[in-house]
Amino acid sequence: MQLEYEKPDTLIFVKHYKSGELTLSQQTFSHSVIITPEKIINNNWDVKSIDALNLDAIEALIELDAHIYLLGTGETSLIPPQEIIIAFARLGKSIDFMDSAAACRTFNILANEGRRVAAAIIV
């Protein structure tokens, strides 16, 4: 028996990820993005590596009203700059960081559960 999960047409999910390419529902990107299950917040997020992260770059993610924040750090799991972690902590929010493939999988699981999740994925 084959079981297939039917996702609502409006739900954004990660269909495919590999280094340098991210496919969300029906769109493929070769650059980093910020997403929620409802929308693509910044489809031209100009962050190519974790070294380029600063408060200005992450502002769109911080401003979202999510319960869970994810940061995909690229091909490997890296710790973001301390100012990013401090900014979330000052707002009483936490951010989970992991390699981008893991962040994509985690995003899909949480979105599927109906959780208020936001993710910044470095492609």
Fill in: Spacing of CG belonging to L110 relative to CD1 belonging to I68, to within rounding of 0.5 Å
4.5 Å
Response to the item:
Sorted by chain and number, sequence neighbours left out, side chain to side chain donor-acceptor pair (under 3.5 Å) with S30 holds for none
Worksheet item: Taking only residues two or more places apart in sequence or in another chain, which ones pass side chain to side chain donor-acceptor pair (under 3.5 Å) with D65?
Response: R116
Discussion item. Tell me if the NZ atom of K15 is crowded by more than 12 foreign heavy atoms within 6.0 Å.
Written reply: no
Practice prompt. Could you list the residues that satisfy salt bridge (charged side-chain N to carboxylate O under 4.0 Å, His left out) with R105, not counting sequence neighbours?
Written response: none
Practice prompt. Would you please name every residue forming a salt bridge (charged side-chain N to carboxylate O under 4.0 Å, His left out) with K48, sequence neighbours left out?
Written response: D46
Discussion item. Per the ring pair (Phe, Tyr, Trp, His ring centres under 6.0 Å) rule, what does the pair list look like for residues 102-123, sequence neighbours excluded?
Written reply: none
Fill in: ring pair (Phe, Tyr, Trp, His ring centres under 6.0 Å): pairs with one or both residues in residues 49-101, sequence neighbours excluded
Y69-F88
Fill in: L53 and V47, any side-chain heavy atoms less than 4.5 Å apart
yes
Worksheet entry | With I86 via side-chain contact (heavy atoms from CB on, under 4.5 Å) - residues at least two apart | Q82, R90
Give every donor-acceptor pair under 3.5 Å between a side-chain atom in residues 55-63 and any protein atom, sequence neighbours left out.
none

Item to complete: Go through the structure and list residues passing ring pair (Phe, Tyr, Trp, His ring centres under 6.0 Å) with Y17, not counting sequence neighbours.
Response: none
Atom pairs and distances, side-chain donor-acceptor, residues 72-80, under 3.5 Å, sequence neighbours left out:
from	atom 1	to	atom 2	distance (Å)
T73	OG1	T76	O	2.6
T73	OG1	L78	N	3.1
T73	OG1	M98	O	3.2
E75	OE2	S19	OG	2.8

